[in-house]
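Count residues from 1 along the sequence.
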Amino acid sequence: MTPAPAGRAFDALLCDLDNVIRFYDTAPLAALERAAGLPEGTTADIGYAPEIDLPLLLGRITPDAWVESITAGLTERVGAERAHELGRALADAPFRADEEAVSLLRRARTHVPLVLVTNATLQLDSDLALLGLTDLADAVVSSAVERVAKPDPAIYRIAAERAGVLVERCLFVDDRQENIDAAAALGMATVLYREPDDLRRALGPCAGEAAGDAAVAVQRAGREP
């Protein structure tokens, strides 16, 4: 591992997967919803409701069982056959990796340990293989394996331990404010992710940029980095 620049604000990078690295194509599902007379996003609203989604993310049910729960929630509105089709379309939505974010993370990993911290299903290993990212990180912390999901503080502590650093020496990247807030409460530096430039600025020298850029996107709990 290449020595990191002096004065760096973090010793490990903890990064979310979905909507940072992995992005879904929801156009096919949206077309099915329009054909069924439903507002776009209806299926996701049901599928990602905590009472439906959390059992999947904690590894308590299979993706097929998740689809059946979505089907049950939509059957009254569109009938059982179409409800199942919508649930399956959500579960099988195609996905891709953002090449720019992946490139930045690979560069950062030459300086500091990289741990993926994701609310995911038990299919995560196969998903990473499909994305060609099985070698992206030093460790992967999955909610379905650990049986704890963000924003529970326990999953952040597990990730810091896997990285081999103190929680307050971690930089955490996520697209959801509640997950960012939980990490900040533990003393982590945080980046609320919207685009690759957010990550690039936060990484500073670890992304090949000037050290002063790191202060733009990195937030410390109660103080500047």
Salt-bridged, R109 to D138, with N to O below 4.0 Å? yes

Hphob cluster co-occupancy, V145 + I61, side-chain heavy atoms under 4.5 angstrom: no

Taking C-beta and beyond as the side chain, do N19 and Y193 meet within less than 4.5 Å on heavy atoms? no

Verify the cluster assignment for V102 and V20: are they in a single hydrophobic cluster under the rule of side-chain heavy atoms below 4.5 Å apart? yes

If you compare all heavy atoms of V67 against all heavy atoms of A91, which two are closest, and at what distance to 0.1 Å? CG2-CB, 3.6 Å

Once rounded to the nearest 0.5 Å, what's the spacing between atom CZ of R82 and atom CD of E33? 11.0 Å

State, with a plain yes or no, whether a side-chain heavy atom of L74 is found less than 4.5 Å away from one of T43. yes

If hydrophobic clusters are built by linking Ile, Leu, Val, Met, Phe, Trp and Tyr wherever their side-chain heavy atoms come under 4.5 Å apart, do L136 and F95 end up in the same one? yes

Atom CD of residue position E178 - does it have more than 12 heavy atoms of other residues, nucleotides or ligands inside 6.0 Å? yes

Please report the closest heavy-atom contact between P113 and D11, naming both atoms and the distance. CD-O, 3.2 Å

Salt bridge flag under 4.0 Å for residues D16 and K150: yes

Quick check: do R22 and D127 have side-chain heavy atoms less than 4.5 Å from each other? yes

With rounding to the nearest 0.5 angstrom, report the CD1 to CG distance, I52 to D45. 12.0 Å

Check for me, please, whether W66 and Y24 land in the same ILVMFWY cluster - side-chain distances under 4.5 Å, paths through other members count. no

Heavy atoms, side chains only, cut-off 4.5 Å: are Y156 and N179 in contact? yes

Give, for atom CG of L57 and atom CG of N119, the distance between the pair rounded to the nearest 0.5 Å. 5.5 Å

How about CD on E76, more than 12 heavy atoms from neighbouring residues, nucleotides or ligands closer than 6.0 Å, or not? no

Checking D152 against R157 for the salt bridge (Lys or Arg N to Asp or Glu O under 4.0 Å) test, could you report, in this order, the C-alpha distance in whole Å, the side-chain angles of both residues, the deciding distance, and whether it holds? CA-CA 9 Å; D152 190 311; R157 294 190 179 100; 5.9 Å; no

Counting N and O atoms only, with roles assigned by atom type, does the side chain of T190 sit under 3.5 Å from a partner on the main chain of F172, one being a donor and the other an acceptor? no

For atom CD of E195, decide whether the heavy atoms of other residues, nucleotides or ligands shown that lie under 6.0 angstrom number more than 12. yes

Heavy-atom count check: over 12 atoms from other residues, nucleotides or ligands less than 6.0 Å from R106 CZ? yes

In Å and rounded to the nearest 0.5 Å, what is the CD1 to OG1 distance from I70 to T75? 11.0 Å

In short, V167 meets L186 closest at the heavy-atom pair CG2-O, 3.6 Å

So which heavy atom on T71 is nearest to which on A80, and how close? CG2-O, 3.9 Å

Are L58 and L17 connected in the hydrophobic side-chain network, where two residues link if heavy atoms are under 4.5 Å apart? no

Distance, nearest 0.5 Å, that separates CD of E100 from CG of L105: 11.0 Å

Does any part of the side chain of V112, heavy atoms only, come nearer than 4.5 Å to the side chain of V165, both counted from C-beta? no

Please report the closest heavy-atom contact between I21 and L116, naming both atoms and the distance. CD1-CD2, 3.7 Å

Given side chains that start at C-beta, do those of P151 and D181 come closer than 4.5 Å, heavy atoms only? no

Contacts of R34 that satisfy salt bridge (Lys or Arg N to Asp or Glu O under 4.0 Å) - sequence neighbours left out: E40

Does the pair R88 and D64 meet the rule for a side-chain contact (heavy atoms from CB on, under 4.5 Å), with working shown? CA-CA 8 Å; R88 179 51 60 190; D64 286 343; 2.7 Å; yes

Could you check whether atom CZ of R176 has more than 12 heavy atoms from other residues, nucleotides or ligands sitting under 6.0 Å from it? no

Would you call L203 and L13 a side-chain contact if the rule is heavy atoms closer than 4.5 Å? yes

Shortest non-hydrogen separation from D175 to R194 and the atoms involved: O-NH1, 3.0 Å

Value for OG1 (T134) from CG (L124), rounded to nearest 0.5 Å, stands at 11.0 Å

Is there a side-chain contact between V141 and E146 (heavy atoms, below 4.5 Å)? yes

